[in-house]
Amino acid sequence: MARVPEMDKTAAGLGVLSHPAMIYAVAFLLVKCVSVVFGSEILGHFAVAGVLVCLPLLFRRHHALRSFNILESAKTPWAGMVCLIYVVLPLTLLVLFYPNEWLRARMEFQGWIFSAAGLSAIFLAPLAEEFFFRGWLLDAQLKRANAASRAGGKIPLMDALQICYLNGLLFWLMHFPIPANFVALWGDALSRGMIPLSPGPFLLGLTTAAMTISSGTPRSALIFHVLANSLGPLWWPLLSDQNVRSFFYF
């Protein structure tokens with residue numbers, strides 16, 4: 001008699017509620033609700049992080065934890081090189097070509113990383129967001145696309161690009177701003193031909209998804225996310241145009 005595969009106990013009886021799309025939809029609504037309630041306060045940051053961490057654990061438990069193994073050895077070195085270049089490039093350019101801006105950028109950087117908002121953005125947000133998007137969600141995407149898993153095999157390039165694009169898009173939509181003055185803010189922006197939503201989160205999600213798939217571990221993605229959220233003051237002098245700054249806002 002053929003052996004019946006063991007059913008995932010965490011998904012048993014949950015039906016559609018265990019589907020990644022449903023979990024993402026619930027996460028989106030909860031994150032936006034707590035964002036509106038708490039605003040930019042540190043409690044709001046913890047509430048958002050709690051939603052992104054607890055939902056996968058609630059529905060998938062050990063499967064969610066297993067998909068976020070940051071201790072796993074990377075298969076390719078390029079993701080780590082991207083992280084290194086992202087640090088070395090602004091430092092080199094500032095010291096060599098912007099010596100007058102170097103001191104101010106360094107002071108702003110120190111003030112940012114030791115502020116409450118900075119600590120949340122640099123440590124809490126990357127950990128929670130990478131756990132949800134490049135851990136559980138990306139793992140679910142790979143399985144549902146019937147692609148090779150990150151633990152072995154090679155993913156077809158087009159499949160990988162589609163997965164990275166969708167992962168980045170969902171990450172971008174999660175950063176969709178819904179402030180208290182939402183109608184006034186968007187109405188004013190649209191009247192000036194602008195959309196108050198930076199593509200920066202999409203680029204970050206796209207890059208970190210590619211890093212995770214290529215390296216086989218979300219470790220490099222987590223490190224890059226930390227760097228992206230922390231090195232803003234070092235990049236601002238190099239991005240003098242305000243539109244360019246907003247484009248790369250993460």
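- Between Leu234 and Leu91, some side-chain heavy-atom pair lies under the 4.5 Å cut-off.
- In terms of heavy atoms, Cys83 sits closest to Leu227 at O-CD1, 3.5 Å.
- For the ring-ring contact (aromatic ring centres under 6.0 Å, His included) test, residues two or more places apart in sequence or in another chain that qualify with Tyr165 are Phe202.
- Distance check, rounded to the nearest 0.5 Å: CZ of Arg60 to CZ of Arg66 gives 9.0 Å.
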Steps toward side-chain contact (heavy atoms from CB on, under 4.5 Å) verdict (Ile122, Ile113): CA-CA 7 Å; Ile122 294 170; Ile113 64 174; 3.4 Å; yes

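- How far CD1 of Ile163 is from CG of Leu142: 4.5 Å, rounded to the nearest 0.5 Å.
- Residues Thr212 and Ser220 form no side-chain contact, since every pair of their non-hydrogen atoms from C-beta on lies 4.5 Å or further apart.
- Side-chain heavy atoms closer than 4.5 Å link hydrophobic residues (I, L, V, M, F, W, Y) into clusters, and following such links, even through other members, never connects Leu103 to Val95.
- Separating the CD atom in Glu129 from the CG atom in Leu52 is a distance of 6.5 Å, to the nearest 0.5 Å.
- Taking the six-membered ring where tryptophan is involved, the planes of Phe68 and Phe131 are perpendicular, since the angle between them exceeds 60° and thus also 30°.
- Glu101 places none of its side-chain heavy atoms less than 4.5 Å from the side chain of Trp236.
- The two atoms that bring Ile213 and Cys164 nearest to each other are CD1-SG, 3.7 Å, heavy atoms only.
- Residues passing the side-chain contact (heavy atoms from CB on, under 4.5 Å) test with Val51 are Ala27, Leu30, Val31, Leu55, sequence neighbours excluded.
- With a 4.5 Å cut-off on side-chain heavy atoms, Leu65 and Arg61 do not count as touching.
- A 4.5 Å side-chain heavy-atom check between Phe224 and Val82 finds at least one atom pair inside the cut-off.
- Within the structure, side-chain hydrogen bond (donor to acceptor under 3.5 Å, both in side chains) contacts touching residues 87-97 (residues at least two apart or in different chains) do not occur.
- The shortest distance between side-chain heavy atoms of Leu161 and Met158 falls below 4.5 Å.
- Criterion: ILVMFWY side-chain heavy atoms under 4.5 Å apart, direct or through other members. Under it, Met81 and Leu222 are not part of a common hydrophobic cluster.
- The minimum heavy-atom distance linking Ser35 with Val48 is given by the pair OG-CG2, 3.7 Å.
- How far CE of Met211 is from OG1 of Thr207: 6.5 Å, rounded to the nearest 0.5 Å.
- In this structure, Asn167 and Leu206 have side chains that are not in contact, with every pair of non-hydrogen atoms separated by 4.5 Å or more.
- A donor-acceptor pair under 3.5 Å is absent between the side-chain atoms of Thr208 and the main chain of His225, judged by distance alone.
- Here Gln162 pairs with nothing under the side chain to side chain donor-acceptor pair (under 3.5 Å) rule; sequence neighbours left out.
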CA sep, side-chain torsions, deciding dist, call: Phe46, Leu124, side-chain contact (heavy atoms from CB on, under 4.5 Å): CA-CA 8 Å; Phe46 275 99; Leu124 183 63; 3.8 Å; yes

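- Legend: residues meeting salt bridge (Lys or Arg N to Asp or Glu O under 4.0 Å) with Glu130, ordered by chain and number and at least two apart, are Arg134.
- Remark: Glu108 engages Arg104, Pro233 in a side-chain contact (heavy atoms from CB on, under 4.5 Å) (not counting sequence neighbours).
- Distance OG/Ser120 to CD1/Ile42: 4.0 Å, rounded to 0.5 Å.
- Looking at residues two or more places apart in sequence or on another chain, you find a side-chain contact (heavy atoms from CB on, under 4.5 Å) between Leu84 and Val88.
- Considering only heavy atoms from C-beta on, Ile23 comes within 4.5 Å of Trp136 through its side chain.
- Applying the side chain to side chain donor-acceptor pair (under 3.5 Å) rule to Thr76 yields the partners Ser214; only residues at least two apart in sequence or on another chain are considered.
- Partners of Leu170 under the side-chain contact (heavy atoms from CB on, under 4.5 Å) rule, at least two apart in sequence or in another chain, are Tyr24, Phe133, Leu137, Leu166.
- The OH atom of Tyr86 sits 8.0 Å away from atom OG of Ser230, with the distance rounded to the nearest 0.5 Å.
- Judged as a ring pair (Phe, Tyr, Trp, His ring centres under 6.0 Å), not a single pair has a partner in residues 95-120 (not counting sequence neighbours).
- Ser67 and Pro218 get closest at one heavy-atom pair: O-CG, 4.3 Å.
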